[in-house]
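Some notes on the structure that comes next.
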Amino acid sequence: MPEERTHWWETRVYLAALVVLSIVPLLKPDVAPLTDLPAHMGHYRVELEIGSDAVLRQFYSFNWQLIGNLGVDLLVIPLSKLFGLELAVKIIICAIPALTAASFLLVAKEVHGRLPPTAALALPLAYGFPFQFGFVNFALSMAFGFLGFWLWLKMGNMHKQRLRGIVFVPLSMLIWVTHTYGWGALSLVAFASEFIRHLDKGYRWHQSLLRAGIACLPLVPPIFLMLGWRSGQVGGQTADMFNWSAKYQYFLVTLRDRWGSFDIGSLFLLLGVIVWALRKPRTAFSPVLGYSALFLLLAYLLMPRIVFGSAYADMRLTPFMLAIALIALRPPMDLDRRRVGLIALASFGFFFVRTTATTASFWLYDRDFDRQLAAIEHIPVHARLVSFVGQNLCAQPWAQSRMEHLPSLALVRKRAFANDQWQMPGAQLLRVRYSAGAPFNADPMQIVTPNKCQGEYWLRLDDALRRFPREAYDYVWLINAPNYDRALMKGYEPIWQDGSSVLYRKAGAVGAVHS
């Protein structure tokens, strides 16, 4: 009997092309326009140089601990020695959507035996809102977690459960160290796959649950790492359970980028595909991936908004539960080959359009970043800098400015003090020591609004300019500043301006702090 023909959407060349194309939006920007990324980069600068820079030690402290949030923090150490910090970060960030896309495709191929023609539909979710928000350790761990899921399935299909158990003890711990969520997601989908496997063998549901739990014992060791983490002197609150309004909003922003109608329309198109497929009895739907998506959905519904000090904990799961549901689909085997080819072409078309739009959006953000970052050329090394970033938090436009943490690039490039670093016990190793600048020395005090609106932290720019401790700061950087009273800047002179963004220097300031 002749071998069944391999179609173009099932080839390794197509798979590789999809992975490579996933990197394209990140190629041009020097700094990927991910909201939190500049603050992470400032964190890395302190991590790398605090031992040799006495001035940085006046501004910050950095104490290594074993926590489930160290992925990029560790990778950047060797890569920065080879490429410098900024290029090292760019390489890592480019790798994240590529690895995520590869994990979706490999899992789909392993489950279905060949790459389904609809697989490309899931790939734009690698650029879901959690990634665009800049949750880089989380995103990297999820990529590792789903690559781990592919390996888990593959070794199971090869009947190498004993070897799999040995391999996944250290592998699960490495994924946990990258970020707790990657390990958690891997554990959920691996358990779902084992549950279905035992049901298929004829076991009852309660027996299948027990046997699935036993099969997943190699994924348990990170629990002991977490107990050590949480029992130490590391805080971090867990709060805001069952916030249904927020969960609804978080699901709507799964593909949030720049154009609201386009992003929400894309989301509902993907949902429409899933609903349409579920209503067609001839459509193949992988139980392994279907239950995996269901388990992730349950985790999303039950998870609090804040976990161990990390906000938006539940929101981070939405792209992945949707992606797993999409790769669970496969058109019927007896469907006309021409129609299957059109489905594959339409799926690639959706991926291509979303990738093109993301590329255009990122290039526009990069242009805005470059305009603002020209101010850093006028900031001296080790400057005592306070920054205020204008945000219209009352209106919350769909397209965010992504500049909330731009001040940290002054820390990256000039080792200046940046007042936008987080103070989150249990989630960060960096602490702000510059008490003279309090309370304007840490996130979210860098964010200012044109009018008083929701939230106890947000100040109007005028109020911030009245209250910040002038003796502590020689430079003031206003980014996209709303209207403010220029008289409040008495004693400071503008040395750079671009539109509503201004850099001020205190009269007579030398700029640098000396140890």
Report yes or no: does His405 contribute a side-chain atom to a donor-acceptor pair with the main-chain N or O of Leu37 at less than 3.5 Å?
no
Heavy-atom side-chain proximity of Gln428 to Gln423 below 4.5 angstrom
no
Is the distance from the ring center of Trp8 to that of Tyr14 below 6.0 Å?
yes
Could you measure the distance from the CE atom of Met445 to the CG atom of Asp420? Nearest 0.5 Å is fine.
13.0 Å
Is there a donor-acceptor pair closer than 3.5 Å between any side-chain N or O of Lys109 and the backbone N or O of Glu10?
no
Parallel, tilted or perpendicular, as decided by the 30° and 60° cut-offs, for the rings of Phe146 and Phe320:
parallel
Asn137 (side chain) donor-acceptor with His179 (main chain) under 3.5 angstrom:
no
Determine the interplanar angle of the Phe138 and Phe135 rings, folded into 0 to 90°, and report it as parallel if under 30°, tilted if 30 to 60°, perpendicular if over 60°.
perpendicular
In the structure I gave you, are the side-chain heavy atoms of Gln400 and Gln132 within less than 4.5 Å of one another anywhere?
no
Would you check if Phe191 and Leu188 make a side-chain contact, meaning some heavy-atom pair closer than 4.5 Å?
no
Walk me through whether Tyr181 and Trp183 qualify under ring-ring contact (aromatic ring centres under 6.0 Å, His included).
CA-CA 5 Å; Tyr181 280 80; Trp183 163 72; over 10 Å; no
Strictly by modelled atom types, are Arg330 and His112 linked by a side-chain donor-acceptor pair under 3.5 Å?
yes
Drop me the distance from Asp366's CG to Leu27's CG, to the nearest 0.5 angstrom.
11.5 Å
Heavy-atom pair with the smallest gap, counting every atom of Leu219 and Ser172
CD2-CB, 3.9 Å
Just how far is it from atom CZ of Arg305 to atom CE of Met241, taken to the nearest 0.5 Å?
13.0 Å
Write down the atom of Ala323, the atom of Ala122, and the distance for their closest heavy-atom approach.
O-CB, 3.9 Å
Using the side-chain hydrogen bond (donor to acceptor under 3.5 Å, both in side chains) definition, which of the options Glu110, Gln161, Glu194 pairs with Trp152?
Glu194
For His40 and Tyr44, take the angle between the two ring planes, folded into 0 to 90°, and tell me which bin it lands in: parallel under 30, tilted 30 to 60, perpendicular over 60.
parallel
Is Arg402 reaching over with its side chain to a backbone N or O of Pro33, donor-acceptor style, under 3.5 angstrom?
yes
So, do Phe129 and Tyr312 sit near enough that their side-chain heavy atoms are less than 4.5 Å apart?
no
Leu99: side chain to side chain contact (heavy atoms under 4.5 Å, CB included) partners, not counting sequence neighbours
Ala95, Leu140, Ala143, Phe144, Leu147
Under a 3.5 Å distance rule, please check whether Tyr127 uses its side chain to pair with a backbone N or O of Ser22 as donor and acceptor.
yes
Spell out, as yes or no, whether a donor-acceptor pair under 3.5 Å connects the side chain of Thr180 to the backbone of Trp176.
no
Gln391 versus Ser401, side-chain donor and acceptor atoms under 3.5 Å
yes
Any donor and acceptor pair, going by atom type alone, linking the side chain of Lys247 with main-chain N or O of Leu302 inside 3.5 Å?
no
For Ile96 and Leu26, what are the C-alpha separation, side-chain angles and deciding distance, and is it a side chain to side chain contact (heavy atoms under 4.5 Å, CB included)?
CA-CA 10 Å; Ile96 291 174; Leu26 293 163; over 6 Å; no
Show which side-chain atoms of residues 339-364 pair as donor or acceptor with protein atoms under 3.5 Å away, not counting sequence neighbours.
unit_1, atom_1, unit_2, atom_2, d
Ser347, OG, Pro117, O, 3.2
Ser347, OG, Ile343, O, 2.9
Arg354, NH1, Asp263, OD1, 3.0
Arg354, NH1, Ser266, OG, 3.1
Arg354, NH2, Leu255, O, 3.3
Arg354, NH2, Asp263, OD1, 3.3
Thr355, OG1, Phe351, O, 2.8
Thr356, OG1, Phe352, O, 2.8
Thr358, OG1, Arg354, O, 2.9
Thr359, OG1, Thr355, O, 2.7
Ser361, OG, Asp257, OD1, 2.9
Ser361, OG, Asp257, OD2, 3.3
Ser361, OG, Arg258, NE, 3.1

Distance in Å, Leu125 CG paired with Thr100 OG1, rounded so as to fall on 0.5 Å steps
10.5 Å
Please report the interatomic distance CG(Asn69) to OG(Ser141), rounded to the nearest 0.5 Å.
8.5 Å
4.5 Å side-chain heavy-atom contact, Leu75 and Thr178
no
Among Gln446, Gln421, His43, which one satisfies side-chain hydrogen bond (donor to acceptor under 3.5 Å, both in side chains) with Ser408?
Gln421
CD/Glu47 to CG/Leu429 distance, rounded to the nearest 0.5 angstrom?
8.0 Å
Pairwise side-chain contact, Pro130 with Pro319, heavy-atom cut-off 4.5 Å (strictly under):
yes
Name the one of Val107, Leu153, Asp200 that satisfies side chain to side chain contact (heavy atoms under 4.5 Å, CB included) with Val288?
Leu153
